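These figures come from a predicted structure and were not determined experimentally. Convention: sequence-line order gives letters A, B, ...; per-chain numbering from 1.
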2 protein chains.
Amino acid sequence: MARSITAPDGFGAAATHETFQLPPGRTLDICLNLHNAILEHRLAPGMKLSEDEVGEIYGASRTVVRAALQALAHSGLVTIARNRGAFVSRPGIREAQEVFEARALIEPRIARLAAYAMKASDLKRLKKHMDAEHAALASGDKGKALALSGAFHIAIADIADQQVLSQMVRSLISRSSLIIALYWRRADTTCESHAHHALLKAFSEKDGPAAEEIQKSHIVDLHSGLDLREKQEPKSSLADALKPD
Amino acid sequence: MARSITAPDGFGAAATHETFQLPPGRTLDICLNLHNAILEHRLAPGMKLSEDEVGEIYGASRTVVRAALQALAHSGLVTIARNRGAFVSRPGIREAQEVFEARALIEPRIARLAAYAMKASDLKRLKKHMDAEHAALASGDKGKALALSGAFHIAIADIADQQVLSQMVRSLISRSSLIIALYWRRADTTCESHAHHALLKAFSEKDGPAAEEIQKSHIVDLHSGLDLREKQEPKSSLADALKPD
DNA sequence: TGATCAAAAATTGTATACGATCTAATTTGT
DNA sequence: ACAAATTAGATCGTATACAATTTTTGATCA
């Protein structure tokens with residue numbers, strides 16, 4: 001039946017079976033497909049993921065869908081509430097801060113390791129990634145551009161050939177996508193490309209320390225593109241909301 | 001029926017519901033119980049975890065057990081092979097290296113943050129942790145002592161109040177337990193206590209940089225306690241194994 | 001005796017059924 | 001008309017049944 005659901009359009013496939021530590025199978029297919037949908041902002045934070053509904057879409061029974069949703073829950077993209085079901089996660093401000101602080105700790109190190117491990121073929125792959133990113137941006141597909149931008153970071157981690165750290169980065173970048181969906185305030189996403197270009201230059205020169213430094217600045221810059229001020233909580237009651245007005 | 005399976009003996013409960021991102025329920029109970037069993041080396045790496053067998057033990061159906069095993073697979077403690085079932089993970093040498101390198105990157109940072117956030121009550125809790133660790137060691141329960149040693153590191157992460165990094169450390173420490181089960185070569189585990197004592201001193205003085213440095217040395221020291229030389233692979237066939245002898 | 005193949009047993013993958021819980025719509029009472 | 005209570009519907013949690021796959025067993029033959 002429905003096998004190989006995820007459209008394998010070359011890039012964008014930020015997640016693999018290792019991301020979820022699941023054996024190949026329909027559960028994994030659904031996982032990856034939902035994962036991509038969330039990363040490309042086709043599913044908004046907070047959206048309900050009903051087991052029946054998802055199962056209907058993929059032509060699978062609840063058993064399989066449940067497993068997929070639980071796997072996504074473990075990776076932080078989905079939140080499960082007992083007897084209430086699964087929702088696309090809505091990371092709070094606090095979590096957003098921590099995710100980017102963690103990225104600022106881990107990714108620069110990875111960038112340095114990647115610079116040392118970089119081969120000519122790797123460089124070429126990274127360049128192709130960037131081109132795809134530009135193309136998506138030019139065609140106005142913001143969701144895809146963002147997903148590709150994340151895939152660029154993941155590609156670096158893969159080149160560094162550190163599976164443990166790579167896994168962490170994957171998770172952090174997935175969560176970053178949700179955070180950006182919720183808190184991004186900057187109109188231009190072009191800054192992205194500049195940093196990625198600079199990284200590529202450092203990589204081509206096998207300059208580890210430079211790559212590390214650029215990556216750190218890049219993450220800090222991304223972080224600063226978020227509006228993480230405490231939002232006005234929705235008033236607890238309608239009366240409270242209207243009284244002072 | 002069987003609810004609250006995990007014996008809540010104060011410490012040792014290194015995992016919470018956040019570790020698995022699961023809502024409270026029987027699945028989580030089984031998760032936590034298996035988690036503890038693995039961390040205390042009551043379940044050896046490579047051991048088969050049959051769904052029926054586990055279900056029998058906890059008086060639960062396969063549905064629930066499967067979910068628990070998959071959650072443990074996501075956290076890396078269990079490996080699932082399609083159509084073959086779940087096994088306690090056997091991390092390889094490469095993974096062992098990477099896990100301790102990741103700890104050396106993350107935990108010192110956490111130690112520094114913890115030093116700044118340390119309150120008197122936190123210090124007292126850490127001291128109690130250490131006492132429990134000593135007691136377990138004195139009573140000869142090596143498995144429990146190791147689990148408590150891990151819990152000490154996790155307690156630090158909790159004090160630092162960084163949930164994202166804390167979650168990562170939890171995962172790394174769980175995997176470290178498997179790695180130690182497979183590759184530990186040192187007889188004395190006392191070095192542990194010295195490092196933990198030194199950390200406590202730095203914490204009590206709110207000396208962040210010192211805590212960071214001590215923690216880094218401590219992790220490197222743990223790493224050096226492993227025998228990660230390439231082992232002779234088991235011969236591909238029995239004939240090959242016996243011929244040269 | 002040892003290797004090869006076939007059948008049986010055991011184990012996992014998936015679908016479905018039923019009870020429990022939550023959500024909402026409707027009713028009821030003031 | 002509004003709030004509280006009740007009922008109906010939808011959704012989740014769990015057990016169980018059957019199909020698919022692997023592993024073990026046992027038979028056959030060189």
*asked:* My understanding is that only residues two or more places apart in sequence, or in another chain, count here; which of them pass salt bridge (charged side-chain N to carboxylate O under 4.0 Å, His left out) with D141(B)?
replied: none

_Residues from residues 62-71 of chain B lying under 4.0 Å of DNA chain D - heavy atoms_ = R62(B), T63(B), V64(B)

*Please determine if R175(B) and E95(B) form a salt bridge, counting it only when a charged side-chain N lies under 4.0 Å from a carboxylate O.*
yes

_Quick check on dA15(C): is either OP1 or OP2 less than 4.0 Å from any side-chain nitrogen or oxygen of R26(A)?_
yes

*Please give, in whole Å, the distance from dG13(D) C1' to L22(B) CG?*
13 Å

*asked:* From CG of D29(B) over to C1' of dT14(D), roughly how many Å is that when rounded to an integer?
replied: 14 Å

_Has S89(B) got a side-chain atom pairing as donor or acceptor with P91(B)'s backbone, closer than 3.5 angstrom?_
no

*Is there a donor-acceptor contact under 3.5 Å from the side chain of H41(B) to the main chain of S177(B)?*
yes

*Taking atom P of dT12(C) as reference, at what distance in whole Å does atom CZ of R82(B) sit?*
13 Å

*asked:* Without decimals, in angstroms, what is the distance between E53(A) CD and dG9(D) P?
replied: 20 Å

*Closer than 4.0 Å, any side-chain N/O of K48(B) to the OP1 or OP2 of dT22(D)?*
no

*Given atom CD1 of I80(B) and atom P of dT22(D), what is their separation to the nearest angstrom?*
16 Å

*asked:* Which residue in the set I180(B), L226(B), D227(B) passes side-chain contact (heavy atoms from CB on, under 4.5 Å) when paired with R185(B)?
replied: D227(B)

*Apply side chain to side chain donor-acceptor pair (under 3.5 Å) to H223(B) and list each qualifying residue two or more places apart in sequence or on a separate chain.*
Q97(B)

*Under a 4.0 Å N-O cut-off, is there an ion pair linking R125(A) with D122(A)?*
yes

*Rounded to the Å, how far apart are R84(A) CZ and dT11(D) C1'?*
11 Å

*In whole Å, what is the span from the CG atom of D52(A) to the P atom of dA10(D)?*
11 Å

*Rounded to the Å, how far apart are E56(A) CD and dT16(C) C1'?*
15 Å

*So which one's nearest nucleotide on DNA chain C is more toward 5', T27(A) or N83(A)?*
T27(A)

